Every structure is written in C-alpha cells, then in structure tokens.
Amino acid sequence: MKKNFVAELTWRRMLHDMIPGTEDLLQGEIVRGYIGFDPTADSLGVGNLVQVMTLLHFQQCGHQPVALVGGATGMVGDPSGKSQERNLLNEDLLQHNLACQRKQLERFLDFDCGANSALIVNNYDWFKGFTFLDFIRDVGKHISINYMLAKDSVQKRLETGMSFTEFSYQLVQGYDFYYLWKHHGIKLQMGGSDQWGNIVTGTELIRRKDGGEAFALTTPLIKKADGTKFGKTEGGNVWLDPNRTSSYKFYQFWLNASDEDVANYIRIFTLRGQEEIEALEAEHAKAPHQRLLQKELARDITVRVHSEAAYHAAVEASDILFGKGTAAALMNLSEDDLLAVFEGVPQVDVSRSELEGGINIVEFLCDKTGIFSSRGEARKMVQGGGVFLNKEKVDDIARTVSTGDLMNNRYILAQKGKKNYVLIKSL
RNA sequence: GGGGAGAUUCCAGAGCGGCCAAAUGGGGCAGACUGUAAAUCUGUUGUCUUACGACUUCGGAGGUUCGAAUCCUCCUCUCCCCA
C-alpha cells in the first residue's frame with residue numbers, strides 16, 4: 001500500500017466524515033471506490049474539481065477510482081442542497097453532457113496503470129431495463145419511508161414541497177451503490193458532505209438487502225470565507241472547459257482567491273506536498289501583497305486543467321491588464337500580441353464607418369458594444385468614474401469615440417471597473 | 001373533495017385608494033482605501049432623458065374610481081391543514 005489515503009485527505013482538509021472502519025479497509029487492500037457526477041452541464045465546473053481531486057488522490061494512494069456518470073440519476077434530480085424542484089433534462093442533452101464530462105475526467109485520472117486503473121460507469125446502464133414495479137419491490141421494500149423522511153435533504157424541502165420524483169432520488173442513488181457493490185466489488189462511495197445522506201442510504205440498502213458491508217467517506221463542502229458559494233463569479237459558473245471559461249478567466253478566478261481561502265484551495269486543488277505548501281505559506285506570510293500562494297495555485301491548476309501555453313497567455317494578459325503598464329504599454333503591443341493577450345477577453349465588432357463619424361461615449365458603450373445594457377447605466381458609470389478606454393479614465397459623458405482612439409488602427413480596449421474588459425474591433 | 005394562507009421590482013419582505021418606481025435588508029455593479037485580497041465607507045441598482053420630466057411595472061384577464069400594487073369579479077399557480 002502506498003500513502004495512507006485518509007491521512008492524505010486529512011492534512012489536505014478534505015475529510016469531512018466517514019463510516020467507522022473505512023480507514024482500516026483502505027489500509028488493508030486495494031479498494032474500489034466511486035464518486036458520482038451529475039450530468040447537468042456539458043462541462044464539469046471547479047466545484048466538481050474537488051471530487052475529481054479526491055479520486056485522483058485515491059488513485060495515487062494505490063486504490064482504484066471509479067467515476068460514475070449519472071445518466072439515470074441525472075434524469076431524476078438530486079434534492080440535496082437545493083431549495084427548489086429541479087428541471088428535468090431531456091435525454092439527448094443528457095447524453096451529450098455525459099460524453100463531454102467523460103472526456104474531462106479522462107484528463108485527470110489514469111485509465112491505464114494496471115490494477116488500479118480508473119473506470120467510468122454510467123448508472124443508466126443498469127437502470128434502463130429496471131421497471132418501476134421491480135424497483136419498488138426489490139429496492140423500495142428494504143428502505144422505510146421513515147428512514148427516507150429523516151434525511152436532511154428531505155426535511156429541508158418539506159416546507160416548500162418536493163415531488164415524489166425527487167424524493168425517490170436517494171433510493172436511486174442508493175441502488176447505484178448496491179449495484180456497484182454487488183457486481184463490481186465496489187466497497188466505498190465518496191462525495192461531498194451533502195451527499196452523506198444519499199450515500200448511507202446505499203450502505204443501508206447493502207446491509208438490509210444482502211447483509212453486506214460498505215463504506216462511505218465525504219469531503220467538506222467548500223465555502224468561501226465570506227460565506228458565498230464556491231465556484232461562481234459574476235459571470236456564473238467557472239467551468240473546466242476552455243470554451244465555456246477562457247483560460248484567462250480561469251486563471252483569474254484562482255488568482256483572486258482571498259488569503260483566507262487560498263490556504264485551503266492549494267491543499268485541495270494541487271498535488272503539492274505538505275512541506276512544500278507550508279513553505280509557500282511561510283513565504284506568503286512575509287509578503288502577503290505579493291500573493292505568492294494565489295499565483296502558485298492559479299498556475300498549478302491552470303497548467304493542469306488547460307495547458308502550459310494557456311497559463312502563459314493568461315499571465316501575460318493579466319500583466320498587461322493589471323500591471324503598471326498603462327496606456328503606453330498597450331499602444332506598443334503589436335497586433336499579434338494584442339490579440340494573443342486578449343484571447344480570453346470578450347470581443348465586440350463595431351463598424352469603422354461609424355467610428356469615423358465619431359460616436360458619443362454613452363451610445364458607444366451601450367448601443368454599439370453592449371457593454372452596458374442601458375444608457376442610463378452607462379451614463380452613471382461614466383459619471384461615477386468607472387469607465388476606461390485604452391486604460392485611460394473617461395469621465396465626460398459628452399466624450400466622443402472615433403478612429404483616433406484605435407490602437408493599431410483597429411482596436412479599442414474598453415474597461416468597466418477594474419476587472420471587466422471588452423476588446424472592440426473595428427471592421 | 002373541504003378549510004386556510006399566499007403570489008410585489010434580482011432575492012427576502014413592507015406597502016392595503018392619491019405623498020409609490022414602491023420602505024427595509026440582502027445581493028449586484030461602481031468609487032475611495034488596498035495587494036486584481038479581506039474589512040470599511042460612499043454612490044448606484046425599471047426604461048428613455050444633460051436635466052425638468054415622460055413612460056412601462058406589483059401572478060393573469062376584466063371591472064369600480066378623477067385616480068388602484070392597494071377595492072370588486074373571474075382565472076392561473078404555490079404552500080399549509082383536514083378527508
């Protein structure tokens with residue numbers, strides 16, 4: 001046996017709870033363990049990354065990770081942590097999402113390393129032929145309503161209401177565990193702490209139905225120090241897919257982690273060792289404004305999830321956008337560099353002829369480029385000093401934008417606040 | 001099937017005939033301060049207008065009224081309790 005998985009998770013602050021005996025099991029043999037992924041989107045988000053990392057550590061500790069993609073459970077909808085009934089996905093979309101997620105998982109886990117090669121399973125495979133009647137006879141019979149009702153995920157929804165479909169979810173997921181235990185020798189299910197209830201329904205089913213024993217281990221839900229949800233930005237979810245979240249934004253997401261959060265993140269999302277991380281923290285503490293931890297974290301993850309090249313491009317763009325380099329530095333960029341730097345920045349086209357005539361700044365920001373959704377908002381923002389053009393503050397709402405503002409005779413960099421950029425291209 | 005409560009601007013939640021584009025809190029956005037952090041403070045948060053102001057909003061459709069988010073009728077939806 002290589003590293004002690006439980007110990008590894010513990011120092012990484014990734015262990016929330018586990019069924020007694022889990023550690024002994026893991027120390028005694030190569031264990032097959034699984035984590036389920038919900039196919040609600042065609043890409044995993046950074047929130048899912050915690051579970052991906054858990055599987056990765058699991059594998060590195062010599063165990064065999066299994067990723068379950070929820071083709072069946074995705075059709076039902078997990079009520080855990082949700083205050084409202086979920087929308088059902090149609091089947092085509094589900095299939096598409098599953099295929100995309102599978103591809104992403106393949107990037108992280110090793111599917112060809114002998115005894116503990118990773119596996120991917122889809123619960124639709126064993127649910128598609130399972131009739132409702134068989135299900136309630138073979139599965140429902142073993143779990144009491146009282147037991148199901150006691151779950152937090154159900155309790156929280158009793159006031160606002162939930163459908164029978166969602167209520168059944170825990171049984172469906174519980175059966176997954178049973179099936180995998182029975183047919184694939186899987187003894188452990190892992191997941192976020194919000195999954196605890198669903199997971200133990202599984203171990204319970206295994207016990208009651210076959211008198212078997214299975215184990216569970218959960219990771220804490222990541223919360224930011226300010227209490228807000230992890231993995232979201234103003235623009236919505238942060239995805240792993242570069243087409244959904246550009247490398248620049250992805251890099252920025254991690255770079256912007258607060259001091260309080262970054263210590264957790266670097267433990268959870270990188271593979272670096274304990275000593276190395278502690279050394280980095282000591283460095284960071286000496287000069288917090290250098291944000292060494294954030295930079296290391298952002299680099300590590302961006303390189304792993306995207307690529308080395310994407311990382312360099314993101315850093316370069318960040319330096320230009322946030323560095324001391326002002327208007328002058330921007331003007332000196334060649335067209336190629338400019339485009340490379342702004343690859344991850346939203347771009348908008350504006351016709352050259354309109355620029356030649358000169359456009360009022362408010363009209364430009366709102367009607368022409370859509371940076372603001374209303375003129376009033378654009379006007380207020382300009383008056384409030386929150387708008388920059390080519391890194392120079394604009395505070396006159398009577399200002400006109402014209403070809404004279406173009407860099408390289410083609411581009412204008414508009415900026416709303418400190419962090420929101422839009423590159424405008426004249427055509 | 002019976003009884004009750006309710007649907008308000010991004011959310012929560014006031015308002016119960018004119019003073020309501022609608023209190024308050026949260027969230028969002030921006031400014032100051034900073035380290036592209038946190039905390040704090042300030043501004044802003046329906047649309048159009050430089051502004052005065054105008055216009056469209058309070059589940060939906062009608063109606064009463066000089067005037068309705070507020071009153072009446074019908075409808076839709078949600079929750080709770082009983083069978």
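It should be emphasised that the depicted structure is a prediction, and the values quoted were computed from it without experimental measurement. We name chains A, B, ... by the order of the sequence lines, and we start the count at 1 in each one.
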Name all pairs fulfilling the side-chain hydrogen bond (donor to acceptor under 3.5 Å, both in side chains) condition that reach into residues 286-295 of chain A, sequence neighbours left out, sorted by first residue then second. A:D259-A:Q294, A:E283-A:K286
Could A:K209 and A:Y178 be counted as a cation-pi pair, given that NZ or CZ must be under 6.0 Å from the ring centre and within 45° of the axis? yes
Is the Lys NZ or Arg CZ of A:R208 less than 6.0 Å from the centre of A:Y147's six-membered ring, within 45° of the axis? yes
Look at the side chain of A:K418 and decide which nucleotide, out of B:U34, B:A38, B:G35, has an atom nearest to it. B:U34
Between B:G31, B:A37, B:G35, spot the one nearest the side chain of A:H289, thanks. B:G35
Using the C1' atom on both, measure B:C29 against B:U78 and round to a whole Å. 32 Å
Classify the ring geometry of A:F164 against A:F167: parallel below 30°, tilted from 30° to 60°, perpendicular beyond 60°. tilted
Please work out whether the ring planes of A:F130 and A:F135 are parallel, tilted or perpendicular, with thresholds of 30° and 60°. perpendicular
Taking only residues two or more places apart in sequence, or in another chain, which ones meet A:F5 in a ring pair (Phe, Tyr, Trp, His ring centres under 6.0 Å)? A:F58
Nearest-Å distance, [atom1] ([X]) to [atom2] ([N])?
X      : N     : atom1 : atom2 : answer
A:H284 : B:A38 : NE2   : C1'   : 11 Å
A:E377 : B:U47 : CD    : P     : 7 Å
A:Y251 : B:U36 : OH    : C1'   : 10 Å
A:D259 : B:A37 : CG    : C1'   : 5 Å
A:Q294 : B:U36 : CD    : P     : 11 Å

side-chain contact (heavy atoms from CB on, under 4.5 Å) against A:L271, all qualifying residues, sequence neighbours excluded: A:M53, A:L56, A:H57, A:Q60
Residues two or more places apart in sequence or in another chain: which of them pass side chain to side chain donor-acceptor pair (under 3.5 Å) with A:N122? none
So, OP1 or OP2 of B:A37: does either fall under 4.0 Å of a side-chain N or O from A:K419? yes
side-chain N/O A:N420 vs B:A30 OP1/OP2, d < 4.0 Å: yes
Protein N or O to nucleotides 50-56 of chain B N or O, pairs below 3.5 Å:
none

Centres of the A:F342 and A:Y411 rings: under 6.0 Å? no
Under 3.5 Å, which protein N or O atoms sit close to an N or O of nucleotides 44-46 of chain B? Give each pair with its distance.
| unit_1 | atom_1 | unit_2 | atom_2 | d |
| --- | --- | --- | --- | --- |
| B:U45 | OP1 | A:K380 | NZ | 3.3 |

